[in-house]
Asks: 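Next up is a structure, given as structure tokens.
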Amino acid sequence: MRYSRMLLPTLKESPSDADVISQKLMIRAGMIRKVAAGVYNLLPMGLRAVRKVEAIVREEMNRAGAQEVSMPMVIPAELWQESGRWDEYGKELLRIKDRHDREFCLGPTHEEVITDLVRREVRSYKDLPLNLYQIQSKFRDEIRPRFGLMRGREFVMKDAYSFHATAESLDAEYENMYNAYTRIFERCGLDFRAVEAETGSIGGRFSHEFTVLAESGEDAVATCTGCSYAANVERAEIREPALSAPSAGSAIERVSTPGKKTIEEVSAFLKAGTDKLIKTLIYETDKGLIAALVRGDSQINEFKLRNASGSSFVKLAEEDAVRKTTGAPVGFAGPVKLNIPIYADFNVRGMFDAITGANENDAHLLHVNASRDFRATYADIRNAAQGDKCPRCAGVFEIKRGIEVGHVFKLGTKYSEAMGANFLDEAGKEQVVIMGCYGIGIGRTAAASIEQNHDEAGIIWPKPLAPFDCEVLPVNVKDDETRKTSEALYEVLKKEMEVLLDDRDERAGVKFKDADLIGIPVRVTIGERNLKQGLVEIKERKTGEVKLVKVEEAALEVKKLLQS
RNA sequence: CGGGGCGUAGCGCAGUCUGGUAGCGCAUCUGCUUUGGGAGCAGAGGGCCGGAGGUUCGAAUCCUCUCGCCCCGACCA
């Protein structure tokens with residue numbers, strides 16, 4: 001490809017509304033342009049990178065035995081009504097009507113469509129297992145799209161769905177996909193972790209998120225310093241800490257704390273660390289109101305609370321309910337003399353001389369002693385934090401930020417049951433198909449790669465994702481020798497790889513800056529000075545390493561570098 | 001959805017408080033010089049100042065309404 005002919009509008013300054021590095025660099029490197037909030041044009045350079053990710057995903061999915069299909073983006077409402085999600089999904093589902101006033105939605109995911117397909121076409125256990133995937137645009141009307149391709153409303157996703165006669169078969173496919181994902185992200189050259197994650201409302205089964213480690217990530221991941229355990233902070237199990245000997249302590253004392261409702265306010269007002277406070281939250285559940293206690297510096301985890309309390313749902317109680325139960329407005333609840341079931345995190349058990357709400361307006365209690373002043377059921381009900389103990393070994397957690405690029409999931413029979421996707425087993429008996437689903441954010445993977453691979457000057461593409469393998473850069477195209485040599489090298493390289501020839505009549509500095517910005521792995525610079533000795537310069541973008549080689553050897557050197 | 005901010009040339013911004021008919025840098029185009037890390041000089045083109053309504057002799061500027069975009073929060077006790 002000739003640079004002079006390519007739509008590659010690079011920018012010196014990044015647009016003011018970009019706020020993560022990948023987004024800034026993608027805009028500056030002429031890869032993407034915004035069309036609307038969370039909706040982007042992919043320019044040639046951007047599309048090339050995305051295609052590289054797609055190609056790797058496609059190859060590995062095919063290798064793993066999945067078959068590619070393509071499903072529509074516009075989906076009739078009936079399918080979503082059948083699964084029940086038409087009402088459940090909320091505003092993220094963009095609903096539209098056709099000219100006949102029939103309702104449709106733009107697909108944010110495709111369980112309904114694929115289940116519909118499979119229930120029509122699969123009759124027998126002999127047709128199973130089956131794994132179908134597509135690489136296609138999705139639309140989710142996010143509350144707040146941001147970070148460019150990392151969290152757009154329209155985005156390209158690879159979504160795969162597997163269908164099984166038995167749970168064992170699903171287990172095997174889950175592992176197969178897990179391995180395929182590992183290969184995919186390894187091939188993309190990413191530093192990632194497969195972490196245990198929450199499954200949401202689907203039920204007790206675990207799932208794995210594939211998370212690329214990056215500061216700008218929206219997910220928090222707990223990784224163990226001692227073993228390979230890694231989990232989303234919401235999911236991570238925390239080993240119960242050893243109890244320190246409780247002190248006898250002083251008697252409870254009531255203090256006035258006018259208007260101090262939040263942990264921070266109380267902590268500042270009473271000049272005590274947030275870890276000296278007990279946070280009391282009132283939850284509404286199917287079993288009635290309960291109180292949940294965590295240390296002031298911890299975050300409650302509603303999934304864990306739901307499990308610990310054996311409820312089918314938990315929801316923060318309304319202001320009115322809080323007032324009735326505690327006798328005080330929101331902000332002054334405490335466990336002492338509270339007569340609803342109390343669930344407390346393990347880290348509350350050993351607390352003494354603690355501060356809690358007094359169940360009375362504008363008042364808190366000092367010197368509260370957990371073992372003495374209230375009864376609670378102790379459980380793990382908070383998010384993991386730095387320094388928590390690993391459930392598997394003697395190590396502790398480190399909290400890192402990451403970008404979720406893939407997710408593998410056991411769906412079970414949620415959709416097949418709701419939509420009647422059945423098959424006949426060997427005994428001729430009708431059974432419900434068991435399902436798994438497996439997603440990868442394609443654009444997000446490309447963006448994550450930039451988050452992980454860049455420097456001051458621009459993008460540093462890992463070779464497998466680079467839009468071009470090599471850039472040939474004639475320093476001055478007006479010099480005949482330079483031009484001839486560059487063109488010749490371009491023709492040779494082109495036969496074996498994707499090459500960008502910067503044939504623009506621009507100053508050297510401009511070309512160098514652009515080359516660094518777009519981040520092609522290998523650059524061959526051809527200039528009069530070296531050419532007089534029959535030499536050209538080969539530079540690796542990643543290491544900055546430069547070597548001078550003979551013109552005749554340049555092509556071979558480039559190939560060697562790309563293979564290393 | 002709540003709070004905050006911003007819409008002025010392709011991009012980044014000033015001008016708005018204190019109304020007087022639009023400016024800077026980059027980019028673009030032309031010419032000359034220059035040519036290994038975002039060149040210099042000279043010239044040129046490009047704006048319904050997001051949109052609608054109002055106030056005024058006069059509105060980018062003041063008022064009302066609207067649309068779009070961005071940020072923070074939405075786990076508060």
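This structure is a prediction, so every number in the text was calculated from the model and none was measured. Keep in mind that the numbers below use all heavy atoms, side chains included, and drop hydrogens, waters and symmetry copies. Each chain gets a letter, A, B and so on, in the order its sequence line appears, and its residues count up from 1.
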Asks: Strictly below 4.0 Å: does A/Arg507 bring a side-chain N or O up to OP1 or OP2 of B/rA39?
Replies: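 True: A/Arg507 side-chain N/O within range (under 4.0 Å) of B/rA39 OP1/OP2.
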Asks: If we take the C1' atom in both B/rU33 and B/rC70, what is their distance in whole Å?
Replies: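 Result for the C1' pair: 44 Å, nearest Å.
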Asks: How about A/Lys542: does its NZ atom have over 12 heavy atoms from other parts shown lying under 6.0 Å from it?
Replies: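 Check fails, neighbour count at 12 or below.
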Asks: Test A/Cys470 against every option in A/Glu498, A/Met497, A/Lys559 by the side chain to side chain contact (heavy atoms under 4.5 Å, CB included) rule and name the one that passes.
Replies: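 So, applying the side chain to side chain contact (heavy atoms under 4.5 Å, CB included) to A/Cys470 and each of A/Glu498, A/Met497, A/Lys559, only A/Met497 qualifies.
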Asks: As a test of reading the structure: which of B/rU35, B/rA77, B/rC75 is closest to the side chain of A/Glu302, going by heavy atoms?
Replies: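 The answer is B/rC75.
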Asks: Reckon A/Ile282 touches a base, only the sugar-phosphate, or nothing at all at heavy-atom distances under 4.0 Å?
Replies: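 Since a base atom lies under 4.0 Å of A/Ile282, the category is base.
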Asks: On the nucleotide B/rU35, are OP1 or OP2 found under 4.0 Å from the side-chain N or O atoms that A/Arg529 carries?
Replies: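 Answer no for this pair, as no side-chain N or O of A/Arg529 is under 4.0 Å from OP1 or OP2.
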Asks: Nearest to the side chain of A/Ile143, heavy atoms from C-beta on, is which of B/rU34, B/rC69, B/rC1?
Replies: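 Of B/rU34, B/rC69, B/rC1, B/rC1 is nearest to the side chain of A/Ile143.
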Asks: Expressed as a whole number of angstroms, how long is the span from A/Ile27:CD1 to B/rG12:C1'?
Replies: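 From A/Ile27 CD1 to B/rG12 C1': 13 Å.
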Asks: Is A/Arg48 positioned over the aromatic face of A/Phe468, cation under 6.0 angstrom from the ring centre and no more than 45 degrees off axis?
Replies: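 Positive - A/Arg48 is close enough to the ring of A/Phe468 and near enough to its axis.
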Asks: Let me know, please, whether A/Asn530 or A/Asp19 comes out on the 5' side of the other along RNA chain B by nearest nucleotide.
Replies: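 Its nucleotide being nearer the 5' end, the pick is A/Asn530.
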Asks: What is the distance, rounded to the nearest whole Å, between atom CG of A/Asp455 and atom P of B/rG37?
Replies: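 One finds 18 Å between P of B/rG37 and CG of A/Asp455, rounded.
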Asks: Counting side-chain heavy atoms from C-beta on, which of B/rC75, B/rA39, B/rU35 comes nearest to A/Gln299?
Replies: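 Of the options given, the side chain of A/Gln299 lies nearest B/rC75.
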Asks: Measure from CD on A/Gln23 to P on B/rC69 and round the result to the nearest Å.
Replies: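 Value for this atom pair: 14 Å.
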Asks: Examine distances only and state if a side-chain atom of A/Asp380 and a backbone atom of A/Ile238 form a donor-acceptor pair shorter than 3.5 Å.
Replies: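 The answer is yes, because a donor-acceptor pair under 3.5 Å joins these two groups.
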Asks: Which nucleotide sits closest to the side chain of A/Val322: B/rU34, B/rA77, B/rC70?
Replies: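 For the A/Val322 side chain, the nearest candidate turns out to be B/rA77.
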Asks: Now, which nucleotide makes the Watson-Crick or G-U wobble pair with B/rA77, with each of the two distances under 3.5 Å?
Replies: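 Here B/rA77 is not engaged in any pair, so there is no nucleotide opposite it.
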Asks: Ignoring hydrogens and angles, are the base of B/rG36 and the side chain of A/Glu528 linked by a donor-acceptor pair under 3.5 Å?
Replies: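 There is none.
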Asks: Would you mind classifying the nucleic acid contact of A/Gly357 as base, sugar-phosphate or nothing, using non-hydrogen atoms under 4.0 angstrom?
Replies: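 Answer is nothing: A/Gly357 stays at 4.0 Å or more from every strand.
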Asks: Among B/rG73, B/rG37, B/rG36, which is the nearest nucleotide to the side chain of A/Arg523?
Replies: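 Within the option list, the nearest is B/rG37.
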Asks: Let me know, please, whether A/Lys34 or A/Asp514 comes out on the 5' side of the other along RNA chain B by nearest nucleotide.
Replies: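 Here A/Asp514 is the residue nearer the 5' end.
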Asks: Within the 4.0 Å heavy-atom criterion, would you say A/Lys315 contacts the bases, only the backbone, or no part of the nucleic acid?
Replies: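 No contact.
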Asks: Determine the Euclidean distance between corresponding P atoms of B/rU61 and B/rU8; express it in Å to zero decimal places.
Replies: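 Comparing P positions in B/rU8 and B/rU61 gives a spacing of 14 Å.
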Asks: Assign A/Glu264 to base, sugar-phosphate, or nothing according to its heavy-atom contacts below 4.0 angstrom with the strands shown.
Replies: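 Sugar-phosphate contact only.
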Asks: For nucleotides B/rU28 and B/rG68, find the distance between their P atoms and express it as a whole number of Å.
Replies: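 My reading of the P atoms in B/rU28 and B/rG68 gives 34 Å.
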Asks: Figure out the CD/C1' separation between A/Glu218 and B/rC72, and round it to whole Å.
Replies: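 Taking atom C1' of B/rC72 as the reference, CD of A/Glu218 is at 14 Å.
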Asks: In this structure, how many angstroms lie between the P atom of B/rU30 and the CG atom of A/Asp505, rounded?
Replies: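 Distance, rounded to whole Å: 11 Å.
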Asks: Name the one of A/Glu487, A/Met1, A/Lys494 that satisfies side chain to side chain contact (heavy atoms under 4.5 Å, CB included) with A/Leu501?
Replies: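 Option passing the side chain to side chain contact (heavy atoms under 4.5 Å, CB included) with A/Leu501: A/Glu487.
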Asks: With a 3.5 angstrom cut-off on both distances, give the Watson-Crick or G-U wobble partner of B/rA39, or none if there isn't one.
Replies: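 The answer is B/rU33, by the H-bond criterion.
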Asks: Which whole-number value in Å describes the distance from A/Asp17 CG to B/rG7 C1'?
Replies: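 Going from CG in A/Asp17 over to C1' in B/rG7 covers 11 Å.
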Asks: Measuring only the C1' atom in each nucleotide, how far is B/rC49 from B/rA59? A whole number of Å is fine.
Replies: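 Roughly 11 Å separates the two C1' atoms.
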Asks: Atom CZ in A/Arg144, atom CZ in A/Phe147: separation rounded to 0.5 Å?
Replies: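 Answer for the CZ-CZ pair, A/Arg144 versus A/Phe147, is 7.5 Å.
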Asks: Could you check whether A/Thr326 gets within reach of a base, just the sugar-phosphate, or nothing at all, counting any heavy atom under 4.0 Å?
Replies: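 A/Thr326: no heavy atom of the nucleic acid under 4.0 Å.
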Asks: For atom P, what is the distance between B/rG10 and B/rG51, given to the nearest Å?
Replies: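 The answer is 13 Å between these two P atoms.
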Asks: OP1 or OP2 of B/rG12 versus the side-chain N and O atoms of A/Ser16: is any pair under 4.0 Å?
Replies: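 Yes.
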Asks: For the pair made of CD in A/Glu13 and C1' in B/rC24, what is the distance, rounded to whole Å?
Replies: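 About 12 Å, once rounded to whole Å.
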Asks: Starting the side chain at C-beta, find the nucleotide from B/rC69, B/rU34, B/rC75 nearest to A/Lys478.
Replies: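 It is B/rU34.
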Asks: Could you tell me how far B/rG40 sits from B/rU34 if I compare only their P atoms? Round to whole Å.
Replies: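 Those two atoms are separated by 15 Å.
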Asks: Kindly indicate whether a cation-pi arrangement holds for A/Arg95 with A/Trp80, taking the cut-offs as under 6.0 Å to the six-membered ring centre and within 45° of the axis.
Replies: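 Verdict for A/Trp80: no cation-pi partner in A/Arg95.
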Asks: With the side chain of A/Arg146 defined as its heavy atoms from C-beta on, choose the nearest nucleotide among B/rC69, B/rC71, B/rC11.
Replies: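 The listed nucleotide nearest to A/Arg146's side chain is B/rC71.
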Asks: Quick one: is B/rC75 close enough that its OP1 or OP2 comes under 4.0 Å of any side-chain N or O from A/Lys279?
Replies: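 For B/rC75, OP1/OP2 do not have a side-chain N/O of A/Lys279 under 4.0 Å.
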Asks: Please give the distance between the C1' atoms of B/rA74 and B/rG7 as a whole number of Å.
Replies: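 26 Å, rounded to whole Å.
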Asks: For the side chain of A/Lys513, starting at C-beta, report the closest nucleotide among B/rG36, B/rA77, B/rG38.
Replies: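 Out of B/rG36, B/rA77, B/rG38, the nucleotide with an atom closest to A/Lys513's side chain is B/rG38.
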Asks: Could you verify whether a donor N or O on one side chain and an acceptor N or O on the other, from A/Thr10 and A/Asp514, lie under 3.5 Å apart?
Replies: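 Yes, side-chain donor-acceptor contact under 3.5 Å.
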Asks: Report which part of the nucleic acid A/Arg28 touches: base, sugar-phosphate, or nothing (heavy-atom distance under 4.0 Å, all strands).
Replies: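 The residue A/Arg28 makes base contact.
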Asks: Determine which nucleotide pairs with B/rC26, using a 3.5 Å limit on both distances of a Watson-Crick or G-U wobble pair.
Replies: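 Paired with B/rC26, as far as the under-3.5 Å criterion goes, is B/rG10.
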Asks: Given B/rG12, B/rC70, B/rU28, identify the nucleotide with an atom nearest to the side chain of A/Pro15.
Replies: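 Within the option list, the nearest is B/rG12.
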Asks: Is there a side-chain contact between A/Lys12 and the phosphate of B/rC11, meaning an N or O under 4.0 Å from OP1 or OP2?
Replies: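 Looking at the OP1 and OP2 atoms of B/rC11, neither is under 4.0 Å from any side-chain N or O of A/Lys12.
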Asks: Can you tell me how far C1' in B/rG46 sits from the matching atom in B/rC32, rounded to whole Å?
Replies: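 Pairwise C1' distance, B/rG46 against B/rC32, rounds to 24 Å.
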Asks: Between B/rG37, B/rC70, B/rG36, which nucleotide gets closest to the side-chain atoms of A/Asp516?
Replies: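 The listed nucleotide nearest to A/Asp516's side chain is B/rG37.
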Asks: Which base, if any, makes a Watson-Crick or G-U wobble pair with B/rG2, both distances under 3.5 Å?
Replies: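 Base partner found: B/rC72.
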Asks: Across all strands, who's sitting opposite B/rU64 as a Watson-Crick or G-U wobble pair, both distances under 3.5 Å?
Replies: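 Per the H-bond distance test, B/rA52.
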Asks: Look only at the side chain of A/Trp461 and the backbone of A/Ile518, and say whether a donor-acceptor pair between them is shorter than 3.5 Å.
Replies: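 Confirmed, A/Trp461 side chain pairs with A/Ile518 backbone.
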Asks: Provide, to the nearest angstrom, the distance between the CG atom belonging to A/Leu11 and the P atom belonging to B/rG10.
Replies: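 In whole Å, B/rG10 P and A/Leu11 CG are 13 Å from each other.
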